[in-house]
Protein chains: 2
Amino acid sequence: MFSNSLKYAIKAVLYLAQHSCEKQKISAKHISESILVPHAYLAKLLQELARHNIISSSKGPKGGFYLNQENRQQPLINLIRAIDGQQKLSTCVLSLKDCDEKRPCPLHNLVAPSKKNLMDSLEHKTLAEISSEIEKGISFFPL
Amino acid sequence: MFSNSLKYAIKAVLYLAQHSCEKQKISAKHISESILVPHAYLAKLLQELARHNIISSSKGPKGGFYLNQENRQQPLINLIRAIDGQQKLSTCVLSLKDCDEKRPCPLHNLVAPSKKNLMDSLEHKTLAEISSEIEKGISFFPL
DNA sequence: TCTTAAATATGACAAATATCATATTATTAT
DNA sequence: ATAATAATATGATATTTGTCATATTTAAGA
């Protein structure tokens, strides 16, 4: 469902949501060791996320990656779009060019409700909210 | 969302649902040309589907692929499982080992309702039903 | 200003998925 | 029986995705 890259990116961002802030930046190496993801690969993903302003970064000693307040208020879907690209979520399940409400493909009506539901969820849930649920013990994020 | 292989397989099976029967078998070549899918690749997929009894086949002249009554009464999810394997649909979105209702991962509660909804749809909709909707003009399957 | 710690940019390599090709086997019809 | 047709089995190639490595740039602190 989600690509490997996306899974790694989500884990890293959630880790940052919980452990970083403007005054407490975290290096790619530290993150990769904490969430058990190959560090060279994660570094690349973090750079991509920073480029898309999903996360913040600063170079040099005491530098690293972190989430500022603005980053935290973003919905999860921004992160997904940054890694997997825009189109993946919006296109027809069968990749048919002219499938829409008016002329639905044979699977359209079957998957449309679930898909809309999922998109709404991803669009509205912010990183801050997800992080807060972990802190409250509503959900669990094992390291 | 769906792999390329799966999209091709679904298109091919829907084509068979509409144009084949026990007395009217269709060759891989004919199908591939009709649904615009590379024929060598499709042939492989059709063989895989036949091996899993999703579709029927017979060799030799006048042979080819077709759907019998039993094939038509199968739910769509059988086809998906044959091509993409069992686990893909059932595992945690973040691939966390011990994510479940009791200890949901940070995304579990967000995606679970949509996922359950989708699974139910795929589990209950038969190939015959999908084919029938195309014939009735409820959905559209462009060649 | 020099050293050091970190991100950034770039590219090489590996694995998985998608695509193509061909030899073999089975079945029908002549 | 033989020829022709079509699936089957197998494997080769190409593209995409995932993984790793390294040289460069930036900023902090002594």
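This is a predicted model, so every value here is computed, not measured. Below, read A as the first sequence line, B as the second, and so on, with proteins coming before strands; counting in each chain starts at 1.
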Looking at [X], does any N or O in its side chain come under 4.0 Å of the phosphate oxygens OP1/OP2 on [N]?
X     : N      : value
B/R51 : D/dA9  : yes
A/Y41 : D/dG18 : yes
A/S5  : D/dG18 : yes
B/Y8  : C/dT19 : yes
A/S57 : C/dT8  : yes

Provide, to the nearest angstrom, the distance between the [atom1] atom belonging to [X] and the [atom2] atom belonging to [N].
X     : N      : atom1 : atom2 : result
A/H39 : D/dC20 : NE2   : P     : 8 Å
A/L49 : C/dT8  : CG    : P     : 11 Å
A/I83 : D/dG18 : CD1   : C1'   : 13 Å
B/L42 : D/dA7  : CG    : P     : 10 Å
B/L46 : D/dA9  : CG    : P     : 13 Å
A/K7  : D/dT17 : NZ    : P     : 15 Å
A/E48 : C/dA9  : CD    : C1'   : 12 Å
A/H30 : C/dA7  : NE2   : C1'   : 16 Å

Check your understanding: In terms of side-chain geometry, is the basic nitrogen of B/E133 or B/K125 positioned less than 4.0 Å from the acidic oxygen of its partner?
Key ->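 Looking at B/E133 and B/K125, the cut-off is met.
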Review point. With a 4.0 Å cut-off, would you call A/E33 and A/K29 a salt bridge?
Key: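 Counted as a salt bridge, because a side-chain N and a carboxylate O are separated by less than 4.0 Å.
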Exercise for review: Hey, can you tell me if A/Y15 and A/H30 have their rings parallel, tilted or perpendicular (30° and 60° cut-offs)?
Suggested key: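 Aromatic pair A/Y15/A/H30 classed tilted.
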Nucleotide of [options] approaching [X] most closely (side-chain heavy atoms):
X     : options                : value
A/S27 : D/dA7, C/dA5, C/dA7    : C/dA7
B/K59 : C/dC20, C/dT8, C/dT25  : C/dT25
A/F65 : C/dT4, C/dA7, D/dC20   : C/dA7
B/A40 : D/dA9, C/dC20, D/dT8   : C/dC20
B/K62 : C/dT28, D/dA28, D/dT19 : C/dT28

Exercise for review: Locate the shortest heavy-atom distance separating A/F141 from B/P106; write the atom from each residue and the value.
Suggested key: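 Distance-wise, the nearest heavy atoms are CB-CG, 3.7 Å.
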Determine the contact category for [X]: base if any of its heavy atoms lies under 4.0 Å from a base atom, sugar-phosphate if only primed atoms, P, OP1 or OP2 are that close, otherwise nothing.
X     : value
A/K44 : base
A/I26 : sugar-phosphate
A/A43 : nothing
B/G60 : base

Review point. Around atom NE2 of B/H39, are there more than 12 heavy atoms of other residues, nucleotides or ligands at under 6.0 Å?
Key: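 Atom NE2 in B/H39 is not crowded, with 12 or fewer foreign heavy atoms closer than 6.0 Å.
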Practice item. Mark yes when over 12 heavy atoms from residues, nucleotides or ligands other than A/K115 sit less than 6.0 Å from its NZ; otherwise mark no. Key: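 Correct, the count exceeds 12.
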Review point. Does A/S3 or A/S58 map to a spot on DNA chain D nearer the 5' end, using the closest nucleotide for each?
Key: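 Its nearest nucleotide being more 5', the pick is A/S3.
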